[in-house]
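Quick note: numbers below take in every heavy atom, side chains included, and nothing from hydrogens, waters or symmetry partners. Values in this document were obtained by computation on a predicted structure and should not be read as measured data. All chains are named by letter (A, B, ...) in the order of the sequence lines, taking the proteins before the strands, and each is independently numbered beginning at 1.
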Number of protein chains: 2
Amino acid sequence: MVIPFKNQGAKSRLASVLSPQERRLLSFAMLMDVLDVVSGQGPATILSRPGLNIADIDSDVEIQESELDLNDALNALIAEVARHGWPSDILIVMADLALLTEKDVAGILNCDGDVVLCPGRGGGTNMILIRSPRFRTCYQGLSFPKHLAFARQTGLEVSVYESFRAGCDIDEPEDLAEVLLHGRGRSKRVLEGMGFSLSENGRAGLCRSSGYEI
Amino acid sequence: MVIPFKNQGAKSRLASVLSPQERRLLSFAMLMDVLDVVSGQGPATILSRPGLNIADIDSDVEIQESELDLNDALNALIAEVARHGWPSDILIVMADLALLTEKDVAGILNCDGDVVLCPGRGGGTNMILIRSPRFRTCYQGLSFPKHLAFARQTGLEVSVYESFRAGCDIDEPEDLAEVLLHGRGRSKRVLEGMGFSLSENGRAGLCRSSGYEI
């Protein structure tokens with residue numbers, strides 16, 4: 001299991017409702033929630049730029065630092081596993097899947113295919129199970145159709161694992177409502193601790209104890 | 001199966017990107033997609049305000065007209081089924097689930113419980129399976145937590161069916177991207193026919209052949 005984690009300037013699209021310090025707190029809470037879920041399924045590695053403070057991580061997990069950008073770092077890792085004779089498949093899990101459950105991880109692991117893609121909201125790819133050294137990630141923008149096209153063009157058998165919870169990555173202010181509605185872990189408690197609660201404006205909105213609606 | 005359908009002024013939150021006529025076209029296309037999916041699982045009834053043009057519906061389906069608002073109409077229907085000795089369970093399916101598949105309908109039908117709730121994005125309830133005459137719907141605003149609380153307070157056994165596709169109701173402009181990304185039916189073709197395609201702005205955005213980005 002590989003969990004890419006952005007330790008600097010993460011969650012910039014939440015800047016309208018969270019301060020930099022709050023975004024950092026929430027990012028770590030979501031990472032912890034994801035680690036709690038994946039840790040039962042095998043060894044987990046956090047892939048991060050240099051400077052991640054290990055003391056912040058209260059979980060038994062390997063941290064791999066890389067100066068490379070996300071795709072280059074992931075594809076170097078795929079090449080590295082291939083060089084070692086592919087001792088085990090690679091499951092990439094995004095660090096902001098605050099609603100993820102063990103059922104979702106088991107769900108993708110049980111799918112057939114050289115590559116299994118789990119779509120996120122808005123064309124993203126929230127998890128990828130890689131069973132072939134020929135796959136490469138193409139994160140950025142509409143990564144789900146890109147990954148699908150890449151796998152097909154490369155002649156790989158690709159399948160799709162769809163899940164309400166695994167499909168819910170937390171990027172935009174409206175996503176915070178999903179954490180309050182369906183979350184079970186630290187991320188929900190962190191948001192509640194910041195004073196967030198649900199409000200009713202069409203789809204769920206957010207209210208902060210300061211009183212203004214978001 | 002009951003599919004509530006708003007035949008007047010539907011999809012008002014899409015008004016910034018679709019004309020009234022286009023919203024009507026898309027609403028019908030989504031209804032047809034939903035009917036295609038549910039029709040294999042048993043008789044379907046469209047619940048609508050008076051004035052739905054049957055000629056618009058090219059499917060073998062019963063249309064039940066009611067002057068009542070959504071909850072009153074649904075709860076009258078629950079009471080009616082109860083008066084007849086509950087000959088069959090009631091599955092409510094929203095008419096705007098453009099990504100729904102037969103697997104989702106089978107999925108909720110296979111769940112245990114007096115009531116099974118299928119959450120939608122933003123606190124909505126996209127499907128409800130009702131096996132008890134004591135349940136009442138509370139659609140409006142954050143209906144998912146309301147339905148959950150009502151079922152529990154009424155002493156009913158409630159379970160939750162979660163699905164990426166069934167969780168994706170089409171209300172906001174950003175939801176149209178999901179139809180283009182993951183749709184398989186008429187709704188996708190209707191949107192493409194209107195000139196929509198995907199664009200890359202953070203999460204998937206929309207582009208219309210007129211050239212402006214949404």
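Rounding to the nearest 0.5 Å gives a distance of 7.5 Å between OG1 of A:Thr101 and CD of B:Glu162. Annotation: the span from A:Asn126 atom CG to B:Phe164 atom CZ amounts to 8.0 Å, rounded to 0.5 Å. Taking CD of A:Glu174 as the start and CD of B:Glu174 as the end, the distance is 4.5 Å to the nearest 0.5 Å.
Smallest separation of non-hydrogen atoms from B:Arg121 and A:Cys168: NH1-SG, 3.7 Å. Here the closest non-hydrogen pair linking B:Gly122 and A:Glu178 is N-OE2, 2.6 Å. Shown here for A:Leu142 and B:Ser199, the closest heavy-atom pair between the two residues is CD1-O, 4.0 Å.
Annotation: A:Glu65, atom CD; neighbour count of heavy atoms from other residues, nucleotides and ligands within 6.0 Å is above 12. Within a 6.0 Å sphere centred on CZ of A:Arg134, other residues, nucleotides and ligands contribute more than 12 heavy atoms.
Looking at B:Lys146, the atoms closer than 4.5 Å to chain A (heavy atoms on both sides) all sit in the side chain, from C-beta outward.
Most heavy-atom pairs under 4.5 Å with chain A, from the set B:Ala166, B:Ser163, B:Gly167: that is B:Ser163.
Side-chain contact between A:Glu200 and B:Gln140: absent, with no pair of heavy atoms (C-beta onward) separated by less than 4.5 Å.
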